[in-house]
Every structure is written in structure tokens, then in C-alpha cells.
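By convention in this document, chain letters (A, B, ...) are assigned in the order of the sequence lines, proteins followed by strands, and residues within each chain are numbered from 1. Note that these values count all heavy atoms, side chains included, but never hydrogens, waters or copies made by symmetry. These numbers were taken from a predicted model, which means no experiment stands behind them.
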Amino acid sequence: MERYLLNVLHSSLHIKQFKQIHGLIVTNYPALTPFFVQGLLRLSIIVYARQVFDRIPQPSKILYNSLISTYSKLSLYKEALDAFVLMHDSGARVVCSTIPPVMKSCTSLLAGELANEIHSLVVKYGFSSDVFVQTPLMDFYAKIGDIDSAKKVFDEIFVKDPICYNCLISGYSKSGDVVAAQQLFDEMSERTVVSWNSMISCYANNGHYREGLRMFERMQVERFRPNEISVATVLSICAKLRDLEMGLRVKKFIDENNLCINMIVSTALLEMYVKCGAVDDARQEFEHMDRRDVVAWSAMIAGYAQNGRPSEALELFERMKSKQIKPNDVALVSVLSACSQLGSLEAGERIGNYVESQGFVFNVYVASALLDMYSKCGNISKARQIFNHMPQKDVVSWNSMIVGLAANGFAKEAINLFEKMKEIRVKPNDITFVGILTACTHAGLLELGLRIFRSMKSDHEITPTIEHYACVVDLFCRSGKLKDAHEFICRMEVEPNVVIWGTLLSASRIHSNLELAEFSVKKLLELEPENSGNYILLSNIYASAGRWEESLTVRNLMTTNRVQKTSAYSWIEMDNKVHKFLVGDTSHPGSNDVYRIVDGLAMQSTWVGYNFESALEFSWCS
DNA sequence: TTAGGGTTAG
């Protein structure tokens with residue numbers, strides 16, 4: 001009977017059959033209990049196995065090993081480590097085969113202290129020559145970025161297999177030492193597909209995208225068949241390079257070589273489309289996927305948010321929830337960004353409540369996106385509250401708050417925050433300076449703005465970009481210092497663009513500086529000869545100065561250059577229908593009502609002191 | 001042992 005039971009326990013039983021046998025073992029064959037537990041563990045029936053395991057007075061080291069490795073196999077790393085501690089405390093001797101699943105668990109949980117203790121045990125028990133023990137140990141050091149320790153373990157391994165090399169290559173990759181990784185790769189006498197993939201991702205993760213692509217090509221030249229992981233990595237390189245052509249070549253390669261398009265490859269393809277701006281192709285890929293996890297959903301939602309299509313991001317987010325996929329931090333960040341773009345406080349608040357109730361506010365990405373949403377949707381005090389309660393803040397959190405305050409008219413507070421940021425040694429970046437210079441512009445703080453601008457290079461080692469120069473030009477212009485603005489433009493280290501000349505032009509018109517207006521609009525004409533607006537502006541400038549002939553010449557120039565005047569219109573979307581506002585058009589059936597309301601608004605605005613001037617020639621057409 | 005998604009400006 002005992003022999004029969006042992007045989008049965010080796011087969012694939014249903015849990016019901018286990019329960020029947022359990023009864024038999026408890027009453028008649030208690031000595032078979034460990035074998036019973038082994039049978040359960042073999043089939044990963046872990047909870048039941050653990051219940052029975054806990055009733056065994058002194059489990060053997062073999063049984064402990066099985067328990068630990070099953071936990072590790074099921075990714076229950078914490079349970080694996082707890083079981084290991086229990087084993088160690090019970091006095092059961094740790095054997096060689098205990099170490100790999102325990103180290104794997106330490107790596108996954110980044111349990112450094114325990115890992116160090118295990119390393120000592122490995123030395124104490126003399127397991128140091130065992131490649132199966134050393135590899136996961138080295139992998140641990142590699143993954144936490146302690147490349148020196150990883151290398152030390154690597155050097156101690158007597159007979160090194162490709163896995164050892166691969167582990168250390170990814171260690172070098174993580175610590176950014178591309179040269180050492182490549183050297184190690186070159187030293188290998190026998191490479192596997194993992195070695196190639198590790199090298200490709202080493203280049204990809206360290207910004208050497210072209211090198212990564214070259215590695216992929218070299219791999220094929222040397223007759224190594226790329227697998228799904230290779231192509232997913234290469235697709236992510238194409239995404240980072242925004243190289244749609246290369247991405248499509250990789251897709252063709254996948255099809256021609258019958259590589260399996262699993263979820264990760266599909267998501268990588270989707271991401272490649274998104275980053276290249278081909279959002280509709282991404283959506284098509286998304287719709288073709290037979291299985292979609294939260295990463296696939298998040299990638300598509302982010303795709304819409306990043307490409308200025310926030311309504312679709314929001315729509316997809318709702319669809320994801322209706323499919324019972326629980327949103328995670330990444331999905332929330334993207335959908336919050338979509339709400340910011342829409343200025344939709346209602347949707348934003350709904351998601352904000354969810355974020356707070358589920359504890360996502362402790363995630364620095366989510367909290368930054370949340371505070372940005374509140375500030376863009378007009379609830380600046382809620383934005384402040386989120387910011388003040390953040391347990392950790394990164395440069396993006398600070399930037400979001402500074403930009404939010406500046407945009408909401410709290411320029412001085414934004415500047416104070418910038419000072420505080422520097423005080424606690426958070427390194428400002430280029431975006432910080434765009435935000436802070438805008439704040440100075442709004443508050444009319446010319447001297448301070450200039451001082452901060454000059455400090456960019458001298459104190460913060462940030463080279464100003466065209467955006468920063470544009471901020472300073474705006475700063476001069478809004479203070480009425482047009483001449484200074486012009487001189488500044490002439491001294492700039494970058495070529496002025498249309499934003500810069502446009503800023504000077506509009507200020508010149510406000511301050512009736514004909515000379516500068518003429519100068520800047522001519523520059524605009526040089527930069528964009530196809531823009532009809534520039535011709536009209538110049539023509540109007542001459543006309544208003546009574547220089548009729550020149551005015552006419554510009555109009556004629558427009559004809560010779562075949563520039564057509566395009567009508568500028570504004571539009572709103574209501575009930576899925578787009579309504580356009582165009583100057584001088586009364587064709588819309590509701591245009592009488594529209595005018596009535598616009599007139600009413602104009603009157604109210606005049607009462608509160610706004611000078612409406614001639615801004616009311618809008619009518620409505622659909 | 002290798003692989004996928006995120007926030008800030010203009």
C-alpha cells in the first residue's frame with residue numbers, strides 16, 4: 001500500500017484526490033506526509049502544501065528546499081525568504097541547491113542584508129566553486145549595480161559557462177560600462193542568443209542606439225537567429241530614435257522569419273509607432289492583439305496623451321476599466337496628463353480621487369502628474385496641497401509646481417519655490433528655467449529674470465536654448481524695453497526663430513514702434529515666406545503709417561509669391577460636432593443667438609474693465 | 001542569464 005501511495009503521489013492528481021489521500025495518510029501512514037507535501041509542491045499547490053508542511057515536526061532539508069524553490073518558481077519571493085529563514089533557524093543544514101532560489105528571491109526583492117549573509121554562508125560551507133551557486137550570487141550584485149563585487153564573484157568561478165558571462169555583461173550594462181561589456185562579449189568562446197540580446201540592450205539602455213542596431217545586424221551576419229526578445233529590444237531602439245523606416249524594416253524581418261509576435265513584441269511595435277507619431281498604426285496594432293495586459297493598455301493611452309489626442313486617451317482609459325483591467329501608476333500618469341491637456345477638472349478630479357484612495361499619491365510620477373492636472377485645470381490650491389504632501393519630490397515635481405504657480409499668476413511664490421529648490425540642492429534643469437523666466441515675465445521682474453538667465457550657464461552649467469532666449473526677449477518686451485530686446489536678439493548665440501521675431505513684432509505694434517515692427521516682420525517673411533499673415537501685417541504697418549505705395553507693393557509681392565490668405569478660425573467641439581468661428585460669416589443657423597450672447601459678454605466685460613475693442617467680429621459657421 | 005509602458009515648457 002505504501003509503495004502504491006508513493007507512486008500515486010508522483011502522478012498528476014486533482015486536489016480532490018489529494019484530499020482523499022490526505023485522510024488516509026493522517027490516519028494510517030503519517031511517515032508519508034513529506035512525500036505528500038512533495039506531491040503538492042510538484043504541482044504548485046502551494047497553500048495546501050504549506051498547511052501540511054507546518055504540521056511536520058522537523059521537516060527535512062530536502063523538504064525545505066522543495067518549499068523554497070516552489071515559492072521562488074511562483075514568484076512568491078518574500079515567502080521563499082521567510083521559509084529560508086525558518087529553515088536556517090530550525091538548524092536544518094543549508095545545502096548547495098538551497099542557494100539559487102533564495103538568491104533569486106533576494107535579487108527580486110533587493111534584499112541586500114540577507115544576500116550578504118547568504119554570501120557568508122556560501123563561503124563558510126565551501127560552495128564557492130559551484131557555478132550554480134555563484135551565478136545567482138553574481139547576478140544579485142550585477143542587478144543592484146555593485147559591479148565590483150559581481151566581477152569578484154565572476155573571477156572566482158573556475159569553469160565559466162555562457163550564463164556567467166551573460167550575467168556580468170548585463171551587470172556592466174547596468175553600471176553603464178559599455179566598453180567592459182563589449183570586451184567580455186568579445187572574450188566569450190561560446191555565445192548564446194542571450195549574450196547577443198544582452199549586448200543589444202546594453203547599447204540600447206546606455207543611449208548608444210546605432211551601436212545596438214549594428215549588433216543586431218552583426219548577429220545575423222554571424223548566423224545567430226534573433227528571437228522575440230532581440231526584436232523587441234531593437235524595436236525599442238527604433239522608438240527611441242524615432243526611426244519609423246527602421247521600425248518597419250524590423251517588422252518585415254519578424255514577418256519573414258516567422259518570429260512569434262507575442263504580447264511584448266506587439267507592445268514594442270506599438271510603442272515604436274507611438275514614438276514615431278504614427279498613433280493610428282499603433283492603435284491598429286493594439287486592436288490586433290489577442291491578449292493585452294496593463295502595459296499594453298498604458299502604452300496606447302500614453303501614445304494618445306503624448307501625441308496631443310487627450311480625448312482618445314481618456315476614452316481608452318474608460319474602456320480599459322470596463323475590461324476589469326486595474327489601472328496602475330503608469331496608466332494613471334498618462335490619463336492625468338490627458339486631463340491636463342483637456343483642462344477637464346471633472347474627469348481629472350474623478351481620477352484624482354481614485355489616485356488618493358488607492359495610495360498612488362506616494363508615487364512621485366503620479367503625484368507630479370496629479371498636481372500638474374490640478375494646476376492646469378485651475379485648482380492651484382489643491383495642486384499646492386499635493387505638492388506639500390509629497391514624501392519625495394524630483395525635479396519634475398518642482399518644475400510642475402513652479403510652472404503651475406507661474407501660470408496661475410503666483411509669480412513671486414514660483415520664484416520663492418525656485419530659491420527653496422536650490423537651497424535643498426535639487427538640481428534645476430532647462431525646463432525649470434523656462435518656468436521661472438515665465439514667472440519673472442508675468443511679474444514684470446526684468447532685473448531678476450536677467451540675473452537668473454545669466455546664472456544658467458555660470459551657476460548651473462545649463463546652456464540656454466532658443467526657448468530661454470525667447471523668454472528673455474518677452475521679458476524685455478513686456479517691460480517696454482524694445483531696444484534692449486532688439487539688441488539682445490542681435491547678440492544671441494542661437495539663430496532667432498519665428499517665436500522671437502513674433503514676440504518683438506507684437507510688442508512693437510503695442511508700443512507703436514514702426515521701425516522695429518517693420519524690421520521684425522521682414523525677418524518673419526524671410527523665415528516663413530509662405531505665411532500670408534506676415535505679408536498682411538507688413539502691409540497694414542505701412543498703411544497705418546500712410547506709406548500706401550509700400551503697402552501695395554507688399555500686397556503685390558504676395559501675389560507674385562503665390563501666397564494665399566488663409567482665414568483664421570477658432571473652433572469648439574459640442575456633442576461630438578465641431579463648430580467653427582470665422583470672421584465675417586453669418587451662415588450658421590444660430591448666428592443671431594450667438595451674436596446676442598457675444599454682445600452680452602462684451603458688455604459685461606466692458607463693465608469689469610476689459611477693453612474689448614474690435615474683437616467681436618466673429619460669427620459662427622459649422 | 002536577455003525583453004515592453006510614465007510626469008514638467010514651448
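With ring centers used as reference points, W297(A) lies under 6.0 Å from F286(A). Aromatic rings from W196(A) and F216(A) are positioned such that their centres are separated by 6.0 Å or more. Taking the six-membered ring for Trp and the full ring otherwise, the centers of H460(A) and F433(A) sit less than 6.0 Å from each other. Within the 6.0 Å centre-distance limit, the rings of Y165(A) and F154(A) are counted as a close aromatic pair.
In this structure, R283(A) is not positioned above the aromatic face of Y304(A) in the sense of NZ or CZ being under 6.0 Å from the six-membered ring centre and within 45° of the axis. The cationic group of R191(A) lies under 6.0 Å from the six-membered ring centre of F185(A) and within 45° of the ring axis, placing it in a cation-pi geometry.
In this structure, D148(A) does not pair ionically with K152(A), as no charged nitrogen and carboxylate oxygen lie closer than 4.0 Å. Salt bridge R214(A)/E217(A): absent, no basic N to carboxylate O contact under 4.0 Å. The pair K275(A)-E271(A) meets the salt-bridge criterion, since a charged nitrogen lies less than 4.0 angstrom from a carboxylate oxygen. The pair E493(A)-K457(A) meets the salt-bridge criterion, with a side-chain N (NZ, NE, NH1 or NH2) lying under 4.0 Å from an Asp/Glu carboxylate O.
The footprint of chain A on DNA chain B, defined by a heavy-atom cutoff below 4.0 Å, extends from dT1(B) to dG10(B).
At a threshold of 4.0 angstrom between heavy atoms, the contacts of M300(A) with the nucleic acid are absent. At the heavy-atom level, N363(A) lies under 4.0 Å from base atoms of the strands shown.
Checked against side-chain hydrogen bond (donor to acceptor under 3.5 Å, both in side chains), E318(A) has the following partners two or more places apart in sequence or in another chain: R350(A). Residues satisfying the salt bridge (charged side-chain N to carboxylate O under 4.0 Å, His left out) test with R454(A), not counting sequence neighbours, are none. Residues forming a salt bridge (charged side-chain N to carboxylate O under 4.0 Å, His left out) with D280(A) (at least two apart in sequence, or on another chain): R309(A). Applying the salt bridge (charged side-chain N to carboxylate O under 4.0 Å, His left out) rule to E419(A) yields the partners K422(A); only residues at least two apart in sequence or on another chain are considered.
Taking every heavy atom of residues 217-232 of chain A and every atom of DNA chain B, pairs under 4.0 Å involve I229(A), by number. Heavy-atom distances under 4.0 Å link DNA chain B to V396(A), N399(A), S400(A), V403(A) of residues 396-405 of chain A, given in residue order. Annotation: proximity of residues 268-293 of chain A to DNA chain B (heavy atom, distance under 4.0 Å) is found for E271(A), K275(A), D293(A), numbered in ascending order. Within residues 150-168 of chain A, the residues that place at least one heavy atom under 4.0 Å from DNA chain B are, in residue-number order, I163(A), N166(A), C167(A). The stretch residues 172-193 of chain A has no heavy atom under 4.0 Å from DNA chain B, so no residue of it qualifies as close.
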Donor-acceptor contacts under 3.5 Å from residues 246-254 of chain A side chains, at least two apart:
none

Tabulate below the donor-acceptor pairs under 3.5 Å that side-chain atoms of residues 326-338 of chain A make, not counting sequence neighbours, or state none.
| from | atom 1 | to | atom 2 | distance (Å) |
| --- | --- | --- | --- | --- |
| K326(A) | NZ | Q358(A) | OE1 | 3.3 |
| N328(A) | OD1 | V330(A) | N | 3.2 |
| N328(A) | OD1 | A331(A) | N | 3.1 |
| D329(A) | OD2 | N363(A) | ND2 | 3.0 |
| S337(A) | OG | Q341(A) | NE2 | 3.3 |

- Could you walk me through whether M219(A) and V193(A) pass side-chain contact (heavy atoms from CB on, under 4.5 Å), step by step? CA-CA 9 Å; M219(A) 175 180 193; V193(A) 65; 3.7 Å; yes

